[in-house]
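One structure below.
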Protein chains: 2
Amino acid sequence: MTRPQTRIQQKNSEAILEAALDVFSTYGYRGATLDQIAEVAGLSKPNLIYYFPSKEAMHQALLTRLLDTWLDPLRDLDPDGDPVAEILGYVRRKVELSRDYPRESRLFANEILQGAPRMRDAIEGDLKRLVDAKATVLDRWMRDGRIARLPPHHLIFSIWALTQHYADFDSQIRAVLGDGHDPFAEAGDYLDTLFRKLLAP
Amino acid sequence: MTRPQTRIQQKNSEAILEAALDVFSTYGYRGATLDQIAEVAGLSKPNLIYYFPSKEAMHQALLTRLLDTWLDPLRDLDPDGDPVAEILGYVRRKVELSRDYPRESRLFANEILQGAPRMRDAIEGDLKRLVDAKATVLDRWMRDGRIARLPPHHLIFSIWALTQHYADFDSQIRAVLGDGHDPFAEAGDYLDTLFRKLLAP
DNA sequence: GTGTTTCCTGACCATGTGGTCAAAATCCAG
DNA sequence: CTGGATTTTGACCACATGGTCAGGAAACAC
């Protein structure tokens, strides 16, 4: 039976995951330490282990929670909507995700960089199925002449690459742009233009 | 005085850097261990330290060597060449880099993900200067109406994002595409199309 | 209050880690 | 072959790391 979470459990589990996200997204799984997470969370190390059985479990909890947030915008792509509006809407929502959840983006990037050892199943399963389904929709739009003919999977990859880049490579982008820039606002405009031109039949 | 490297030094230093690249690019700086590098290199751990004073030094050696390889194609962008040909050539060379040096790409990605703690100077210095210079060239081409008007820095970012994505997220891409695909060949064609459409005035 | 459950921690442990060192093995010029 | 320089390593060290555990402190039900 699953215990009804007490207020304290709720609060501390949340604080731990929040701290773990900070540390894992910065240093990767192996580079992160429980001591570091404990300090960020403001709890003792044994207390962390009281709420999560292991470091691995914390990481897993974060990844599981992450995947849904990450895929929701793609799920929302409406096969019956206007093709260009739907795709541009997806791009915009992905830019917003990068802006509002950069740590989640970096956590994901870290995991994939390492060959996705802890997410392979989800990627080969849920993710692949969803992408294949949406690729079919894109393909139909292309055959109907409503958007330019492009390889649908790579079209999706390019949306991921361009939007996530602004979260994952944030430090590089800010260093190169220098002060007085709002990278995400500029990215939103630029990517809107880019995909508008790309999709024009 | 710098000693003339003996044959053995040459060979072992190379083997160590090669192994270190393998391990660092997969696990990041903190996640990599000397024991692991030693095993991959086929040398004992104390022998590693005989050739490099510390783990840090190995990482630094890799990063230094990396940056040049990484920036060369951008340096080659010829201000007096044909704009579209120059940019498409740059994209193609970056795709080839991703295909031929994926570990280097991932090493770089790992470093930037972590906020570039060991590369900040190079990024704010050499890299920024080079990008600014090339952005000026792009800007001139745009004002002359030879390519579409776009924010030059973001145009460069999008080239980086799209090309490096195929190396950094290789495992995800292969999992989603399934068997029977050559990601880099497809990427080459797709990105050629993409930038051709994007740059058309 | 009192008893019970939940929550928290100091002290501890086995293992892993980056790095040292003296001595052994190998290489190589003459 | 020989003697000095280079290369290699087993044994070792101090410290960090993930995790344990017995018992104490709060919280809560009555």
Side-chain angles (χ1 to χ4, degrees), chain A residues 1-64 107 110-111 114 117-118, chain B residues 1-64 107 110-111 114 117-118:
Chain A
M1 60 177 98
T2 40
R3 288 294 165 75
Q5 288 231 126
T6 70
R7 199 109 19 95
I8 293 179
Q9 274 166 17
Q10 187 77 43
K11 182 174 67 84
N12 283 347
S13 300
E14 200 41 57
I16 291 169
L17 287 181
E18 179 71 14
L21 178 57
D22 247 47
V23 179
F24 281 133
S25 68
T26 303
Y27 297 104
Y29 180 75
R30 292 199 37 184
T33 74
L34 287 184
D35 288 288
Q36 229 179 327
I37 296 172
E39 193 183 331
V40 174
L43 298 171
S44 69
K45 185 167 58 164
N47 209 3
L48 255 60
I49 297 298
Y50 175 74
Y51 287 100
F52 290 88
S54 67
K55 179 183 173 182
E56 177 81 36
M58 291 175 209
H59 195 250
Q60 203 53 250
L62 285 172
L63 285 185
T64 305
L107 180 71
N110 252 311
E111 174 66 12
Q114 299 181 15
R118 301 155 209 281
Chain B
M1 59 177 98
T2 40
R3 288 294 164 74
Q5 288 230 125
T6 70
R7 201 112 13 97
I8 293 179
Q9 275 166 17
Q10 186 77 43
K11 182 172 68 82
N12 284 346
S13 301
E14 199 41 57
I16 291 169
L17 287 181
E18 179 71 14
L21 177 57
D22 247 46
V23 179
F24 281 133
S25 69
T26 303
Y27 297 104
Y29 180 74
R30 291 198 38 181
T33 74
L34 287 184
D35 288 288
Q36 230 180 326
I37 297 172
E39 193 183 330
V40 174
L43 297 170
S44 68
K45 185 167 57 164
N47 210 1
L48 257 60
I49 297 299
Y50 175 72
Y51 287 100
F52 291 88
S54 68
K55 179 183 173 182
E56 178 81 35
M58 290 175 210
H59 195 250
Q60 203 55 248
L62 284 172
L63 286 186
T64 305
L107 179 71
N110 251 311
E111 173 67 13
Q114 299 181 14
R118 300 155 210 281

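Chain letters run A, B, ... following the sequence lines, proteins first and then strands; every chain starts at 1. Note that this is a predicted model, so its numbers are computed, not measured.
- At whole-Å resolution of the value, CG in B:Leu34 and C1' in C:dT20 are 13 Å apart.
- Considering only the side chain of A:Gln9, C:dC7 comes nearest among D:dG19, C:dC7, C:dT17.
- Contacts between residues 14-26 of chain A and DNA chain D, defined by a heavy-atom separation below 4.0 Å, involve no residue at all.
- The separation between A:Ile49 atom CD1 and C:dG10 atom P is 16 Å, rounded to whole Å.
- The shortest side-chain heavy-atom distance between A:Leu17 and A:Phe52 falls under the 4.5 Å cut-off.
- Atoms CD1 and CG, from B:Ile16 and B:Leu21 in turn, are 13.5 Å apart once rounded to the nearest 0.5 Å.
- Inter-residue side-chain proximity for A:Glu18 and A:Val40 is flagged as unmet; no heavy-atom pair is nearer than 4.5 Å.
- Note: A:Phe24 and A:Tyr29 have parallel aromatic rings, judged against thresholds of 30 and 60 degrees for the angle between ring planes.
- Looking at heavy-atom distances under 4.0 Å, A:Arg7 makes no contact with the nucleic acid at all.
- Between the P atom of D:dT17 and the CD atom of A:Glu39 lies a distance of 11 Å, rounded to the nearest Å.
- Protein atom OH of B:Tyr27 is 14 Å distant from nucleotide atom P of C:dG18, rounded to whole Å.
- Without hydrogens or angle criteria, B:Ser13 side chain to B:Gln10 main chain gives no donor-acceptor distance under 3.5 Å.
- If you measure from atom NZ of A:Lys55 to atom P of D:dT17, you get 9 Å, rounded to the nearest angstrom.
- The shortest side-chain heavy-atom distance between B:Ile37 and B:Asp22 does not fall under the 4.5 Å cut-off.
- Rounded to whole Å, atom C1' of D:dT17 lies 16 Å from atom CD of A:Glu56.
- Nucleotide C:dG18 holds its C1' atom 9 Å from the CG atom of B:Asp35, rounded to whole Å.
- Residue-level contact check: B:Ala38 touches neither bases nor backbone, having no heavy atom under 4.0 Å from any strand.
- Across B:Lys55 and B:Arg30, no two heavy atoms sit closer than the pair NZ-O, 3.8 Å.
- Among the atoms of the strands shown, none is found under 4.0 Å from any heavy atom of A:Ala57.
- A:Glu111 approaches A:Arg118 most closely through the heavy-atom pair OE2-N, 2.6 Å.
- OP1 or OP2 of D:dT17 has at least one side-chain nitrogen or oxygen of B:Arg30 nearer than 4.0 Å.
- Counting non-hydrogen atoms of other residues, nucleotides and ligands closer than 6.0 Å to CD of B:Glu39 gives a total of 12 or fewer.
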Every protein N/O lying under 3.5 Å from an N/O of nucleotides 8-13 of chain D:
unit_1, atom_1, unit_2, atom_2, d
D:dT8, OP1, B:Asn12, ND2, 3.3
D:dT8, OP2, B:Asn12, ND2, 2.9
D:dT8, OP2, B:Asn47, OD1, 3.4
D:dT8, OP2, B:Asn47, ND2, 3.2
D:dT8, OP2, B:Tyr51, OH, 2.6
D:dT8, O5', B:Asn47, ND2, 3.2
D:dT9, OP2, B:Ser44, OG, 3.1

